[in-house]
Amino acid sequence: PGEGLPGRVWQTKQPEWIADLGPQSRFPRLEVARRAGLAAGLGVPVLAHGEVVMIGAMVAFTVITTLGGANLGLPPLAILLAGVLVAIPACMGVGYTLERVAYRPLRKAPRLAPLITAIGLSIILQHLAMVIWSRNPIAFPQIITVTPIHLTGNPNGATITNVQVAIIVTSVLMMAGLLALVYRTKLGIAMRATSQNQQVAGLMGININTVIALTFVIGAGLGAMAGVMVGTYYGIAQYQMGFILGHELGWDSDRRKKAI
């Protein structure tokens, strides 16, 4: 029982949660794809971006378990929000560091160099997470009570949970905000111009380094949210959870560029 319900598969067959992050996965992956599209549009490999999602989930896990074990009497929603608020700046710092240390020096290098660098960064971040949080799958704290919502009058009919509704609403709001940023602000205009042609954008007075760095920072912040949603939805986190996301999206963006 429960094998056919999204987000419950891991309870019966634990490894299947990883496979569920592939093409058939559901709501949390929408925000991951949107976030990865930011850097992909600037011609930067996104293979290591999945690891930022993983770090967001792991940092939130640490904060939630720490606050939950301290018996401070905080409501579950406040504990979850605290985990998110700590995970976002942590992932932003990681994203900026990746861009500044690894990608910026290779911006004019042959295409293969940043691709190999992205793979290396992915491996490094995975092993750092393994050292800090162990290699074993971690049960992500399910502090929000899951309440099924029946969509039909039949109790055995289609249902959706309050957690799934929250994930859908949060993802839509974040993607709407990102679209507004890209298409309605000066920073968004600079992002699109940089994506089209970095040299011409620089001649028009756009600071390319600042635009790309901000793109990484914003994308990493969204990645932190995605990590928390993935952990909350599947109830499990592991140091390799971002590997499939990052590499799948990385190769997809590479194929789209070749098609264009």
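Numbering of residues begins at 1 and proceeds along the displayed sequence.
- Contact of the Leu80 side chain with the Thr232 side chain is registered, since non-hydrogen atoms from C-beta on lie closer than 4.5 Å.
- Linking ILVMFWY side-chain heavy atoms closer than 4.5 Å, directly or via other members, places Tyr233 and Val146 in a single hydrophobic cluster.
- The only option from Thr215, Asn207, Val211 that meets the side chain to side chain contact (heavy atoms under 4.5 Å, CB included) definition with Thr194 turns out to be Val211.
- No single ILVMFWY cluster, assembled from side-chain heavy atoms under 4.5 Å apart, contains both Leu77 and Val84.
- At a threshold of 4.5 Å between non-hydrogen side-chain atoms, the residues Leu72 and Ile79 do not count as touching.
- Taking the six-membered ring for Trp and thresholds of 30 and 60 degrees, Phe216 and Tyr103 have ring planes inclined between 30 and 60 degrees apart.
- One finds the NZ atom of Lys108 at 9.0 Å from the CD atom of Gln198 (value rounded to the nearest 0.5 Å).
- Under the 4.5 Å side-chain heavy-atom criterion for Ile, Leu, Val, Met, Phe, Trp and Tyr, Met225 and Leu179 are members of the same hydrophobic cluster.
- Taking the side chain as every heavy atom from C-beta outward, Val230 and Phe140 never approach each other to under 4.5 Å.
- A distance of 11.5 Å separates CE in Met241 from CD1 in Ile55, rounded to the nearest 0.5 Å.
- Counting all heavy atoms, side chain and backbone alike, Ala87 lies closest to Ala224 at O-CB, 3.6 Å.
- Within 6.0 Å of atom NE2 in His150, more than 12 heavy atoms from other residues, nucleotides or ligands are found, so the atom counts as buried in its surroundings.
- With contacts defined as side-chain heavy-atom distances shorter than 4.5 Å, the pair Ile149/Thr159 does not qualify.
- For the pair Met174 and Leu222, the minimum side-chain heavy-atom distance is below 4.5 Å.
- Atom CG in Leu115 sits 11.5 Å away from atom CG in Leu106 (nearest 0.5 Å).
- Remark: Tyr183 OH to Ile189 CD1 distance equals 12.0 Å, nearest 0.5 Å.
- Contact record, Thr65 with Pro141: CG2-CG, 3.6 Å, taken as the closest heavy-atom pair.
- Atom CD in Glu51 sits 8.5 Å away from atom CD in Gln240 (nearest 0.5 Å).
- Trp133 and Met130 sit in two unconnected hydrophobic clusters of ILVMFWY residues. Membership requires side-chain heavy atoms under 4.5 Å apart, directly or through other members.
- When side chains are defined from C-beta on, Ile218 counts as touching Met191, because their heavy atoms get closer than 4.5 Å.
- Without hydrogens or angle criteria, Thr97 side chain to Gly93 main chain gives a donor-acceptor distance under 3.5 Å.
- Taking each heavy atom of Val228 and Ala60 in turn, the nearest pair found is CG2-CB, 3.6 Å.
- Shown here for Met58 and Tyr239, the closest heavy-atom pair between the two residues is CE-N, 3.5 Å.
- The shortest heavy-atom contact between Thr152 and Gly157 is OG1-CA, 3.7 Å.
- When each of Ile116, Leu121, Ile123 is checked for a side chain to side chain contact (heavy atoms under 4.5 Å, CB included) with Ile119, only Ile123 meets the rule.
- The two residues Leu125 and Met54 come nearest to each other via the heavy atoms O-CE, 3.8 Å.
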Taking it one step at a time, do Arg104 and Ile212 satisfy side-chain contact (heavy atoms from CB on, under 4.5 Å)?
CA-CA 9 Å; Arg104 187 177 299 185; Ile212 295 179; over 6 Å; no

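- For the atom pair CZ of Arg135 and NE2 of His127, the computed distance is 8.5 Å after rounding to the nearest 0.5 Å.
- Looking at Asn209, its side chain never comes within 3.5 Å of a backbone N or O of Arg100 through a donor-acceptor pair.
- Under the 4.5 Å side-chain heavy-atom criterion for Ile, Leu, Val, Met, Phe, Trp and Tyr, Ile160 and Leu173 are members of the same hydrophobic cluster.
- Contact annotation: the side chain of Val163 never approaches that of Gln142 to less than 4.5 Å [non-hydrogen atoms, C-beta and beyond].
- Put simply, the side chain of Thr62 does not reach to within 4.5 Å of the side chain of Ile132, judged on heavy atoms.
- Ser122 contributes no side-chain N or O that, together with a main-chain N or O of Ala118, makes up a donor-acceptor pair within less than 3.5 Å.
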